[in-house]
> 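Quick one: this structure, given as structure tokens, is what I'll be asking you about.
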Amino acid sequence: AYIPANSTALTEITSSTPITDTIVLTVTNLTSSPVDLTNILIKIKERTFTVLDGFVFRSNGTGTGELVSYSGSAEMVDIPDTYSTMEENGETIFIEGDTYTVTAIASGSQSSYAFQNATNMTSVDIPDTVTSIGAYAFYNCTDLTTANVPTSLISIGTYAFYRCSNLSSGLSIPATLRTIGVYAFYSCSSLTSNGLDLSNLTSLGGWAFFQCSSLTGSLTLPSISTIPMRAFSSCSGLTGGITINSGTTTIDDFAFYGCSGLNVTLTLPSTLRTIGDSAFYNCSNLGRNGLNLSNITSLGDRAFSSCSNFTGTLTLPNLSIIPSYAFNGCSFTGTLSIPSSVIRIETYAFSQNDFSGTLSIPSNVKIIGTHAFFGLSNITKLVLSSGISSIGSKAFSGANGLTSIEYNIPALSDFSSSSYPFELAGFTSKSVEVTLGSNVTKIPGYIFTGASSSYAPKITKINIPSS
């Protein structure tokens, strides 16, 4: 754009070709006076951009428009609910033209977004006319402390408030909101709330509230098919329980990881089939009344690891593999019943629990991983079936209350000298009786040893079949 020598303001640029997204405006100033760019109407085929007081708006031709960018220097930014274009009246005098209602903050990208240049902004007032906050709108606005969510809002785009780490104003989710995109409030660690009611959502993105550790109160989940990956990971301030609504089929990896404040019974619907890796890892106050997973068809590693407040009976799903650390560090009580479908029990799967009575390993189980049943100090009887082909190191170590072992494995390979699969067995009971089945032809080397004689299992009797 060329500014004549007698001009100090650029007021209009007209293009005859469609421009659908980005405008690059180069101004050559041949005057000695500063150029005023604060009120520019850029007329483009199909769209109109208007610059007013640092705001750039884009009209869509239906009486509404969206905020494209803001480059002002204000600390407290008040987004107008309407704006007007400028039109020539035939005498080279520009007058106010059409008025548009601001209904959206436009979507951007990591390199170009609405408030990218609002370096001084600490608060923003979004008008109730806005129904959509687009992708990346307030991306990485680390000085932003206050932002209201309009009562008319329908969608919050991906990365919309990503890493707004000082955003501390209370978050109130309007009943109109339907969509929250991935990473929308990622690492908004100062963001507060008095509960989080998402019951009206139809779409929730992964990582949406990741590390929003200052959110407090209860969590009400939406009726969606999938609770996405890391959606509430490390939201340690949320309290109350979790009700997974009917219709939900999947809880994805790390969905509630580290939600240590959730402290009431977990309710799972009959529709749920998949619980991902570390989905409830370290939800240390969740639980209390047992856990029924009979409808689950896929269970991830560490799904309930370190959920130390779970008590009562654990009802396992009919899986072929119990994954590693799945129930490590819980406090389940009663008898552990392993389904006949299980063929492999991975490392630390049931370690450090309060199961009691008889632990019977079914005949279809082939492999028992290292530390799989480590620290089950209340087990009194252990039955090992004939189908087992491998037992990992310290698999049953720490079974202090054990008094009886029924051993039915025909010819298991020797253990290494440092495997100690039954170390400290009977340490409290002081007496363990081992009964060998009629099919046993070999007792493996080092099976009943410990790191020292004081750590060796307290075997007082071995019953050997006459055959």
> May I ask you to check if K430 and F427 form a cation-pi contact, with NZ or CZ under 6.0 angstrom from the six-membered ring centre and within 45° of the axis?
yes

> Among L299, T297, T248, which residue meets the side-chain contact (heavy atoms from CB on, under 4.5 Å) test with R273?
T297

> For residues N166 and S190, is any side-chain donor paired with an opposing acceptor at under 3.5 Å?
no

> Establish, yes or no, whether the cationic atom of R230 lies under 6.0 Å from the six-membered ring centre of F210 and within 45° of the ring axis.
no

> Indicate yes or no for a side-chain donor-acceptor contact from T380 to the backbone of L402 under 3.5 Å, with no hydrogens or angles considered.
no

> Ignoring hydrogens and geometry beyond distance, is a side-chain donor-acceptor pair present between S416 and S419 at under 3.5 Å?
yes

> Under the rule for ring pair (Phe, Tyr, Trp, His ring centres under 6.0 Å), what residues qualify as partners of F415, not counting sequence neighbours?
none

> Sequence neighbours left out, what passes salt bridge (charged side-chain N to carboxylate O under 4.0 Å, His left out) with R163? Give chain and number order.
none

> Is it the case that the side chains of S429 and S431 hold a donor-acceptor pair, with the cut-off being a distance below 3.5 Å and no angle test?
no

> Closer than 3.5 angstrom, by distance alone: can the side chain of N295 be matched with the main-chain N or O of T271 as a donor-acceptor pair?
no

> For D125, enumerate each residue passing the salt bridge (charged side-chain N to carboxylate O under 4.0 Å, His left out) test, keeping only those at least two apart in sequence or located in another chain.
none

> Kindly write out the residues that satisfy salt bridge (charged side-chain N to carboxylate O under 4.0 Å, His left out) with K442, not counting sequence neighbours, or none if the list is empty.
D414

> Report the residue from T103, T129, V102 that forms a side-chain contact (heavy atoms from CB on, under 4.5 Å) with D81.
T129

> What are the two closest non-hydrogen atoms of S213 and S189, and how far apart are they?
OG-O, 3.7 Å

> Just to verify, what does Y407 make a ring pair (Phe, Tyr, Trp, His ring centres under 6.0 Å) with, not counting sequence neighbours?
none

> Determine whether a donor-acceptor pair (N or O, by modelled atom type, separation under 3.5 Å) exists between the side chain of N364 and the backbone of S340.
yes

> Taking atom types as modelled, find out whether D252 and T250 have a side-chain donor-acceptor pair closer than 3.5 angstrom.
no

> Do N400 and S377 get their side chains close enough for a donor-acceptor pair, meaning under 3.5 Å?
no

> Please work out which of the three classes, parallel, tilted or perpendicular, describes the rings of F350 and F373, given edges at 30° and 60°.
parallel

> Got a sec, which pairs hit salt bridge (charged side-chain N to carboxylate O under 4.0 Å, His left out) with one end in residues 339-350, sequence neighbours left out?
R344-E346

